[in-house]
K.L.:
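Mind looking over this structure? Questions follow.
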There are 2 protein chains.
Amino acid sequence: MTLAHHVPPLDAPDLDAALERLREKGLRVSASRRLVLEALYADRRPRTAEQLANGTDVASVYRNLDTLEELGLVRHVHLGHGPGLYSIDEYEFVSCDGCGAYEAIEPQRLDEARAAILQALGYHARFTHFPIVGLCEYCHAHS
Amino acid sequence: MTLAHHVPPLDAPDLDAALERLREKGLRVSASRRLVLEALYADRRPRTAEQLANGTDVASVYRNLDTLEELGLVRHVHLGHGPGLYSIDEYEFVSCDGCGAYEAIEPQRLDEARAAILQALGYHARFTHFPIVGLCEYCHAHS
DNA sequence: ATACTTGCAAATGATTTGCCAGTGT
DNA sequence: ACACTGGCAAATCATTTGCAAGTAT
């Protein structure tokens with residue numbers, strides 16, 4: 001019922017910076033930890049824990065993603081009713097309720113909207129954990 | 001991975017209108033169906049299927065909520081990682097990533113934000129299925 | 001009478017936990 | 001060495017499904 005806690009912005013520019021971050025915290029750079037990070041840095045598209053495990057143990061992957069998320073190296077988003085998607089990027093998301101398509105959005109494109117929300121509600125909004133859900137132009141026109 | 005399909009706006013003003021809607025569609029007004037609707041109309045706060053079942057079989061409640069949602073009589077929202085919350089109301093939601101608090105918002109209060117989103121992304125946004133997530137004033141000031 | 005519905009048990013999907021053996025530092 | 005990790009099995013939580021028996025219309 002409660003949301004994930006507020007995490008600082010992601011700011012490890014590359015794999016090495018991320019690994020260094022782990023060491024700083026006294027955490028270990030284990031084989032599977034490195035594999036998860038390598039996969040995420042290699043292809044920045046958000047992916048499920050299952051996909052990241054790629055045949056190996058999913059439980060460890062979930063544990064690692066949790067740790068990495070606490071360190072602010074990884075983030076996850078829920079784009080619908082399926083499994084959560086993990087990524088190293090600072091994107092925000094929109095998804096269409098009609099056709100199911102989703103897009104990653106550069107945060108600055110939402111600054112006007114964020115300002116309007118701040119004005120209306122006093123909240124500093126971020127669409128990183130849940131997307132903005134709506135109808136895309138096509139689905140809006142045809143529904 | 002796909003989102004719930006677009007549903008028409010909720011517009012059954014009261015319990016009787018809702019029951020009538022069921023009959024119109026050739027569906028039956030069964031005891032447990034009536035119980036779910038009575039509970040939802042009696043207290044408009046969003047509730048879990050478990051709470052609505054209130055000791056009786058949850059599977060039936062889920063089945064009924066599905067049907068009612070297809071008819072546009074009920075809607076559900078995901079406010080965090082817990083179970084979905086069902087309600088008969090047309091509210092939109094904001095929730096704070098810091099303290100976990102959430103609020104139901106009158107749709108018109110978000111019209112400016114909606115306009116900004118339409119302008120920026122071409123999407124007609126609705127915050128009924130996922131809330132706007134952000135930091136409330138207090139958490140923003142203290143984080 | 002005949003669909004539609006329920007209740008209960010069992011299945012499924014996503015994620016978490018316990019535990020002990022393995023391994024980075 | 002020692003604490004941190006991984007693998008695997010089992011547990012948990014939310015939700016769905018199968019099926020025989022019950023009931024609105």
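Each chain gets a letter, A, B and so on, in the order the sequences are listed, and its residues count up from 1.
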K.L.:
Give a yes/no on whether any side-chain N or O of B:S60 is located under 4.0 angstrom from OP1 or OP2 of C:dG7.
P.N.:
yes
K.L.:
Are more than 12 heavy atoms from other residues, nucleotides or ligands located less than 6.0 Å from atom CD of A:Q108?
P.N.:
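Enclosed: over 12 neighbouring heavy atoms sit under 6.0 Å from CD of A:Q108.
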K.L.:
Out of D:dC8, D:dG6, D:dT25, which has the shortest distance to the side chain of A:A59?
P.N.:
D:dC8
K.L.:
Pick the nucleotide of DNA chain D nearest each of B:A31 and B:Y86; which residue has the one closer to the 5' end?
P.N.:
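Its nearest nucleotide being more 5', the pick is B:Y86.
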K.L.:
Atom CZ of B:R23 and atom C1' of C:dC4: how far apart are they, to the nearest Å?
P.N.:
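About 15 Å, once rounded to whole Å.
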K.L.:
Using 30° and 60° as the class limits, which term best fits the ring planes of B:Y86 and B:H76: parallel, tilted or perpendicular?
P.N.:
tilted
K.L.:
Given B:E92, which of B:R114, B:R75, B:R126 fulfils the salt bridge (charged side-chain N to carboxylate O under 4.0 Å, His left out) condition?
P.N.:
B:R114
K.L.:
Rounding to an integer number of Å, can you tell me how far B:R33 CZ sits from D:dT23 P?
P.N.:
15 Å
K.L.:
Does a side-chain N or O from B:N64 land closer than 4.0 Å to OP1 or OP2 of C:dT5, or not?
P.N.:
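False: B:N64 side-chain N/O out of range (4.0 Å or more) of C:dT5 OP1/OP2.
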K.L.:
Roughly how many Å is it from CG in A:D66 to P in C:dA14, rounded to a whole number?
P.N.:
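Going from A:D66 (CG) to C:dA14 (P), I get 17 Å.
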K.L.:
Rounded to the nearest 0.5 Å, how far apart are CG of B:L40 and CD of B:Q51?
P.N.:
10.5 Å
K.L.:
Measure OH/A:Y62 against P/D:dG6 and give the value in whole Å, please.
P.N.:
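Answer to the nearest Å: 16 Å.
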K.L.:
Select from B:L27 and B:E50 the residue whose nearest nucleotide in DNA chain D is closer to the 5' end of that strand.
P.N.:
B:E50
K.L.:
Can you identify which nucleotide, out of C:dT6, C:dA14, C:dT25, has its nearest atom closest to the A:V29 side chain?
P.N.:
C:dT25
K.L.:
Whole-Å distance between C:dG24 P and A:L19 CG?
P.N.:
14 Å
K.L.:
To the nearest Å, give me how far apart CG (B:D57) and C1' (D:dT15) are.
P.N.:
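Interatomic distance, CG of B:D57 to C1' of D:dT15: 12 Å.
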K.L.:
Would you say the base of D:dG7 and the side-chain of A:R63 have a donor-acceptor pair closer than 3.5 Å?
P.N.:
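Indeed, a donor on one side and an acceptor on the other fall under 3.5 Å apart.
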K.L.:
In whole Å, what is the span from the CG atom of A:L52 to the P atom of D:dG6?
P.N.:
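Going from CG in A:L52 over to P in D:dG6 covers 14 Å.
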K.L.:
Once you apply a heavy-atom cut-off of 4.0 Å, does B:G84 come out as touching a base, just sugar-phosphate, or nothing?
P.N.:
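Contact class for B:G84: sugar-phosphate only.
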K.L.:
Tell me if the centroids of the rings in A:H78 and B:H78 come within less than 6.0 Å of each other.
P.N.:
no
K.L.:
Any side-chain N or O of B:S30 under 4.0 Å from OP1/OP2 of C:dT6?
P.N.:
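Indeed, a polar side-chain atom of B:S30 lies that close.
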K.L.:
Grab the CD-C1' distance between A:E24 and D:dC4 for me, whole Å please.
P.N.:
18 Å
